[in-house]
Each structure stands twice: as structure tokens, then as C-alpha cells.
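The structure appears right after this line, and notes come after that.
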Amino acid sequence: ASKTLVTEVASVASEAQTKLDFAMLDRASLRQRMEEEFDNVKKTLYRQQSTFQDMDLAVQGVSRQDQKLRDFHAILEVERSARKELAGKVQQQQEQLEK
């Protein structure tokens, strides 16, 4: 009876060791997958940050271009006003010459 009991205990211990080995492998595999996922999350966050920086630069560029267009529009308005004033003076001179 004692030899059978020792054999059973050894068998149960062996089974427990096998289950423990598999659990340790599963744990290592799970840890590796979690580390890979964490790396992926870090990469994604970096890409998002980079994208937001690119968007900020684009907005700044558009704002600068918009300011340049407003400045150019102001210059065109001054020139248009000057041409209109000059055309009025030319018209007055022609009217005076016709008298």
C-alpha cells in the first residue's frame, strides 16, 4: 500500500509540476504579448503626437498665408483707390480742356 501511495503522490506531484510549467509558459507568453501591446500603444501615441504637431504647423502656415492675402488685398485696395482718384483727375482735366 505504501508503494502505491508513493507512486500516486509522485504522479500527482508530476502532474502538478507539468501544470505549473504550462502556467509559467502561459504567463511568460502573456507578459510578452502585453509588452508588445504596450510598445504598440507607445508607437501609436507618438504617431498621434507627431500628427498633431504636423497639423499645428499646417494651421500656422495657413494663418500666415491668410495674413499675406489680407495684406495683399489691402495693397490692391490702395492701388484701386489711387487709380480711381487718378481717373477722376484725368476726367476733370479733359472736361476743362473741352471748355
Side-chain angles (χ1 to χ4, degrees):
S2 148
K3 188 174 184 178
T4 305
L5 184 59
V6 169
T7 304
E8 280 183 36
V9 168
S11 175
V12 168
S14 176
E15 246 182 77
Q17 184 62 45
T18 301
K19 287 180 182 179
L20 181 61
D21 288 344
F22 280 123
M24 293 300 286
L25 287 173
D26 286 346
R27 182 174 180 231
S29 174
L30 181 60
R31 180 178 177 85
Q32 182 180 358
R33 280 186 292 192
M34 289 174 66
E35 287 174 354
E36 289 170 358
E37 278 300 311
F38 182 63
D39 286 343
N40 288 336
V41 167
K42 286 192 296 186
K43 288 175 187 173
T44 299
L45 290 174
Y46 174 78
R47 283 192 295 268
Q48 286 178 343
Q49 182 182 13
S50 179
T51 300
F52 287 138
Q53 288 172 346
D54 290 346
M55 289 170 58
D56 285 343
L57 290 175
V59 167
Q60 289 173 8
V62 168
S63 294
R64 283 191 297 271
Q65 191 65 27
D66 189 47
Q67 183 60 46
K68 287 179 183 178
L69 287 173
R70 278 183 283 198
D71 293 347
F72 183 65
H73 178 39
I75 291 168
L76 289 179
E77 282 298 314
V78 167
E79 288 180 359
R80 188 178 69 79
S81 177
R83 280 194 306 274
K84 188 175 178 182
E85 186 179 327
L86 183 60
K89 287 180 182 179
V90 168
Q91 181 70 30
Q92 285 177 350
Q93 289 174 355
Q94 282 181 345
E95 288 174 0
Q96 287 178 355
L97 288 174
E98 290 174 358
K99 288 183 182 180

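Worth saying up front: this structure is predicted, and the values here are computed from it rather than measured.
One N or O on the side chain of T18 and one on the backbone of S14 form a donor-acceptor pair closer than 3.5 Å. T44 places a side-chain N or O within donor-acceptor distance of the main-chain N or O of N40, the cut-off being under 3.5 Å. No donor-acceptor pair under 3.5 Å is formed between the side chain of S29 and the backbone N or O of L25. Listed for the T7 side chain is a donor-acceptor partner under 3.5 Å among the backbone atoms of K3.
Distance CZ/R80 to CD1/I75: 15.0 Å, rounded to 0.5 Å. D39 CG to E37 CD: the interatomic distance, rounded to the nearest 0.5 Å, is 9.5 Å. Taken from CZ in R70 to NZ in K68, the straight-line distance is 13.0 Å, to the nearest 0.5 Å. Rounding to the nearest 0.5 Å places CD of Q49 at 8.5 Å from CG of L45. For the atom pair R27 CZ and L30 CG, the distance stands at 9.0 Å (nearest 0.5 Å). Expressed to the nearest 0.5 Å, how far NZ of K43 lies from OH of Y46 amounts to 12.5 Å.
The number of heavy atoms from other shown groups lying within 6.0 Å of CZ (R31) does not exceed 12.
A donor-acceptor contact closer than 3.5 angstrom links the side chains of E95 and Q91. Using modelled atom types, one finds a donor on one side chain and an acceptor on the other under 3.5 Å when comparing D71 with Q67. For the residue pair D21 and Q17, a side-chain donor N or O sits within less than 3.5 Å of a side-chain acceptor on the partner.
Put simply, the side chain of T51 reaches to within 4.5 Å of the side chain of M55, judged on heavy atoms.
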Side chain to side chain contact (heavy atoms under 4.5 Å, CB included) between T4 and E8, worked out: CA-CA 6 Å; T4 305; E8 280 183 36; 3.8 Å; yes
